[in-house]
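The next block holds one structure in the form of structure tokens; read it before the comments.
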Amino acid sequence: MRLKLVSDEFSHMRGIQGKKCGTIIVKAEELNNCRESVMMQFCGNKLDKKDFFGKSDPFLVFYRSNEDGTFTICHKTEVVKNTLNPVWQAFKIPVRALCNGDYDRTIKVEVYDWDRDGSHDFIGEFSTSYRELSRGQSQFNVYEVSLCVTLLSFLVDIEHNIIPTSSDCVFPLSQTGNPAQPTSLHYMSPYQLNAYAMALKAVGEIIQDYDSDKMFPALGFGAKLPPDGRISHEFALNGNPQNPYCAGIDGVMEAYYQSLKSVQLYGPTNFSPVINHVARYAASVKDGSQYFVLLIITDGVISDMAQAKESIVNASCLPMSIIIVGVGPAEFDAMVELDGDEVRISSRGRYAERDIVQFVPFRDYIDRTGNHILSMARLAKDVLAEIPDQFLSYMRTRGIKPSPAPPPYTPPGQPLQTQI
């Protein structure tokens, strides 16, 4: 994209109005979804002497190659003063910034001698790639640059790869209002999704990709169950308490609609039973192999605030997070309090070990008619905003390290490549 610069009416004292002042060229490239970072350190040996009264003050400039063959600066090291054998400090850089996740893309490195006036003296340059650098300190990573620059260390940091090997997402639905009435948030209209279904489908499709088998235990709370009218705050939406799992978000949606036909919605609205339900599962898996995400879709009414706080405080030491999505026009002050962003949630004088709750008001992402989502990207960003840090905080405090990365995928019929 080219932007032409011209002087405007306010710049007539500095130039001629309407005078062309040059062009700005804006280039863009879609970012890869790579979440890795890498820590690298380099040293130089017997670099060229560029200063008349001294040696050299060398520094490195790293360039990422672009799709059109040009290069963009992505990192500069510090200047090491008055030496021909510099050892630069280790630095960390996202792999996306270095090569946009393309392990074979060219990375260019230039070596300069720093000058105070900015006219730095060029010492030399070399080209490499992420794949070459990943071999670590070896003969492959010694580069001749008016003698040589050597890679001292290369450490991949995969802390941002937060998708666990398995996760469970539970969808309890706060059930209030008669679904036969148009004023109910559960109204079963033949023409459009109700507020709960719309939020469930939108948010469920965002988080379902973080579950390995796409089988979701879906629970409801606040209803009288057949055949005896027993009040429950923890019932299976599919009517099968022994196996509450639903196949994908479509399965959850189907179970939700069926439950509206079979149960009688009834207060109060208690959060603690479903939080404790998921916490029991999370308490049995503390080796980092699973991380649980509880999704609560609610109209904001809560009848057991004190008990819910205690459940959250107890769950804060377990491998689980809670996403609360508020639907409808009500005030969500209680949900904001449970979120704990401003004040860490506490119960009976005991504070939560870490923040595990994220609250999102669904109405902020739909149009005035309530039938269309304005931006799925923004909704996805806000729904998942705190999950990475919550996941990492649990793993770090317990010293759980990521499993080794799986081998790269090789399409059928192509030979395996072996590094020598």
Side-chain angles (χ1 to χ4, degrees), residues 33 162-175 179 185-223 234-241 243-263 265 274-275 277-278 281-282 290-299 320-328 358-367 370-388 391:
N33 198 33
I162 65 150
I163 302 177
T165 56
S166 175
S167 64
D168 286 317
C169 303
V170 184
F171 302 87
L173 306 177
S174 169
Q175 305 210 20
L185 295 174
H186 293 286
Y187 178 57
M188 298 179 65
S189 169
Y191 306 108
Q192 62 191 37
L193 298 177
N194 64 36
Y196 275 86
M198 190 174 179
L200 172 57
K201 183 175 179 61
V203 179
E205 288 180 349
I206 291 169
I207 67 174
Q208 72 171 345
D209 290 335
Y210 293 85
D211 189 280
S212 57
D213 60 7
K214 305 294 187 294
M215 295 296 293
F216 304 111
L219 307 176
F221 56 88
E234 183 187 345
F235 64 91
L237 287 184
N238 64 4
N240 186 353
N243 183 17
Y245 287 83
C246 302
I249 298 304
D250 290 339
V252 177
M253 295 283 289
E254 182 180 353
Y256 164 62
Y257 284 127
Q258 289 300 320
S259 72
L260 291 180
K261 298 176 182 178
S262 62
V263 304
L265 306 185
V274 291
I275 297 175
H277 177 97
V278 179
Y281 285 94
Q290 295 187 59
Y291 193 85
F292 296 78
V293 178
L294 167 62
L295 170 62
I296 299 178
I297 302 178
T298 176
D299 59 5
M320 66 177 286
S321 291
I322 302 172
I323 299 172
I324 302 176
V325 177
V327 296
Q358 166 74 341
F359 168 67
V360 177
F362 191 65
R363 64 189 176 210
D364 290 355
Y365 305 88
I366 56 178
D367 63 10
N371 299 325
H372 299 93
I373 298 174
L374 297 173
S375 173
M376 276 297 293
R378 188 166 69 92
L379 176 62
K381 175 179 177 293
D382 292 347
V383 164
L384 301 175
E386 297 182 8
I387 299 296
F391 175 89

Could you measure the distance from the CD1 atom of Ile323 to the CG atom of Leu294? Nearest 0.5 Å is fine. 9.0 Å

Atom pair CG (Leu200) and CG (Leu193), whose distance is rounded to the nearest 0.5 Å: 9.5 Å

Listed by chain and number, what are the side chain to side chain contact (heavy atoms under 4.5 Å, CB included) partners of Ala282, not counting sequence neighbours? Phe292, Leu318, Pro319, Met320

Listed by chain and number, what are the side chain to side chain contact (heavy atoms under 4.5 Å, CB included) partners of Ala202, not counting sequence neighbours? Phe362, Ile373, Met376, Leu379

Using the side-chain hydrogen bond (donor to acceptor under 3.5 Å, both in side chains) criterion, which residues pair with Tyr365? Sequence neighbours excluded. Asp382

Gap between atom CD1 of Ile275 and atom CD1 of Ile324 - 0.5 Å precision: 6.5 Å

If the condition is side chain to side chain contact (heavy atoms under 4.5 Å, CB included), which residues does Asp250 pass it with, not counting sequence neighbours? Lys201

For Glu234, what residues pass the side-chain hydrogen bond (donor to acceptor under 3.5 Å, both in side chains) criterion, not counting sequence neighbours? His277, Arg280

In this structure, CG of Leu265 is separated from CZ of Phe221 (nearest 0.5 Å) by 11.5 Å

For residues Leu260 and Pro179, report the shortest heavy-atom separation together with the two atoms involved. O-CG, 4.3 Å

In Å and rounded to the nearest 0.5 Å, what is the CG to OG distance from Leu384 to Ser321? 10.5 Å

Under the rule for side-chain hydrogen bond (donor to acceptor under 3.5 Å, both in side chains), what residues qualify as partners of Gln192, not counting sequence neighbours? Asn371

Holding to side-chain hydrogen bond (donor to acceptor under 3.5 Å, both in side chains), I want the full list of residues that pass it with Asp367, two or more places apart in sequence or in another chain. Thr369, His372

Using side-chain heavy atoms (C-beta onward) and a distance below 4.5 Å, is Leu295 in contact with Val383? no

Verdict with supporting geometry, Ile249 and Phe216, side chain to side chain contact (heavy atoms under 4.5 Å, CB included): CA-CA 8 Å; Ile249 298 304; Phe216 304 111; 3.9 Å; yes

Between Val325 and Ala199 the two heavy atoms that sit nearest each other are CG1-CB, 4.2 Å

